[in-house]
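Notes for the one structure printed next.
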Amino acid sequence: MTETATTKEPNREPIKASEIDPKFKYELSRMHGSEKILRCFQCGTCTSDCPVARYSETYRPRTIIRMAQLGLRDRVLNSDTLWLCAACFTCTDRCPQDIEVASVIRVLRNLAAEKGCVPIVFKEQIASVLESGYAYKIPDLRIKKRETQGLPPLPKGNPASISKSLKGVKFLENIEKKSEQQ
Amino acid sequence: MSSNKYLIFLGCAIPYRVSSYEISARKVLAKLGVELVEMPEFNCCGLPLDPVSHEMMLILAARNLALAEQQGLNIITLCPGCAGTLKKVNKILKEDKALREQINGHLKEAGLEFKGTVTTKHLMQVLIEDVGLEKIKSAVLKPLTMLKVAEHNGCHILRPKEYIGFDDPEDPQTLKTLIEATGATCLDYMDETECCGAPSVGVSDKVALQLARDKLNHVKMVDAQALITICPFCHIMYDTNELRIEKMFNEAYGIPILHYPQLLGLAMGMSPEELAFNELRVNASKLLTQVTEGAK
């Protein structure tokens, strides 16, 4: 997924009453990280201070928050721009309403992921963590080279223990269900 | 707990791509009397998976903390992302009993329990708080007074302030102070605290490279001889991509990107070979010549 041709901008078509989920904002306000979403009065500090917004034609944290407040659940969760946030937390630290904007974005990403909307790079990292404990597959060459570099051996992960701890995680269960259906 | 003995939490990016950081950090810490114990069976801190599942991030981070608690040692990380995540999750789980019980329910399956008895510090925090500026200064044998450099803290060592609370995210001072302890001058420049863009790589290279380009432009504007980082991701972003950015945007930088322990190591009299300068993509030989000639 790159931003050039494939990025879906949040749909800017006129809003139909039928696509509004009036309870979405309350649902968000009960989730860890987006508790304070109702406080947003659209001042725009998040967007004006956002490094990504400076170079992206589509990513605007203020717009995302507003869409969520309006209850445009599907529009916001299906939007690729949600995945452009660099998680620098500048918006969180500077929000005059103390909203933890980056965490609201994270909550929305989690909800999108539950529906199956996840960029491939994240899927690869999850697979790698489950397999080795590390988010990236560390090349054998690197592991062997450590000795000649005077570095201690790389600690081995414990995939069995990791899998046990992650039992019952909603996201992983959804993936399993989907692969069973296929 | 002995204040200068830590479990070292390597994380993923460093063994994957940034061994120069690990090599130089271990050398410098050993000389400053910080003892490192290898952390067995750790896993990814959880941060890269937070966008997909907050629950998974909490469990992975808590698993690491529980492992450290079994060892009875505090954690040192070289990666600000790992430090930030472990600090944040430690704080959240200590304060929120219901969430702690939920996460411990998961850990119990693997015979682990989070209790909240260890702390996590990034390398820079250990240097300033536990080793101390005086000890660092007295270890400097070859002051780098001939060098003018710029610093890049990166976001996760500073933000979100509520969870990290270690320096001022708008006007951070610690890295500057540590750089000046080597004898080098640390220059101010435009947008010093701006994000490197690394987390956007893979989703939009275009946005990420433009952010890195901005940074290199601002560093060049003040004629800095090097950019000093303390994060493996920021380092990859600048060191690995500098040549690419030069070609892509028709720029010329030639600014070496050094890990802070490489700079400190030089000042402590270690050789560039010992500090893995040969692993850097942007050639630092001009800077090293200046250091050698300046010392004469």
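Just so it is clear: chains get the letters A, B, ... in the order the sequence lines come, proteins before strands, and each one is counted from 1. Heavy-atom basis, side chains included; hydrogens, waters and symmetry copies ignored.
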Inset, instruction - Please step through side-chain contact (heavy atoms from CB on, under 4.5 Å) for the pair A:Arg106 and B:Met57, ending with a clear verdict. - result: CA-CA 12 Å; A:Arg106 189 265 301 153; B:Met57 183 280 284; over 6 Å; no
Legend entry - Contact origin within B:Gln210 toward chain A - heavy atom pairs under 4.5 Å: both
Legend entry - Between A:Leu154, A:Ile126, A:Leu172, the one whose heavy-atom pairs under 4.5 Å with chain B are most numerous: A:Ile126
Legend entry - Contact origin within B:Ile92 toward chain A - heavy atom pairs under 4.5 Å: side chain
Legend entry - Heavy-atom proximity to chain A below 4.5 Å, by part of B:His54: both
Inset, instruction - Name the member of A:Val118, A:Asp93, A:Asn158 that forms the most heavy-atom pairs with chain B at distances under 4.5 Å. - result: A:Asp93
Legend entry - Most chain B-contacting option - heavy-atom pairs closer than 4.5 Å, from A:Gly150, A:Pro152, A:Ala113, A:Ala135: A:Pro152
Legend entry - Between B:Glu279 and A:Gln149: side-chain donor-acceptor atoms closer than 3.5 Å: yes
Inset, instruction - Look at the aromatic rings of B:Phe42 and A:Tyr134 and report parallel, tilted or perpendicular, splitting at 30° and 60°. - result: perpendicular
Inset, instruction - Give, for atom CG of B:Asp214 and atom OH of A:Tyr55, the distance between the pair rounded to the nearest 0.5 Å. - result: 3.0 Å
Legend entry - Euclidean distance, A:Arg142 CZ relative to B:Ser19 OG, rounded to 0.5 Å: 4.5 Å
Inset, instruction - Tell me, out of A:Val129, A:Leu82, A:Val107, A:Thr92, who's got the most heavy-atom pairs with chain B below 4.5 Å. - result: A:Val129
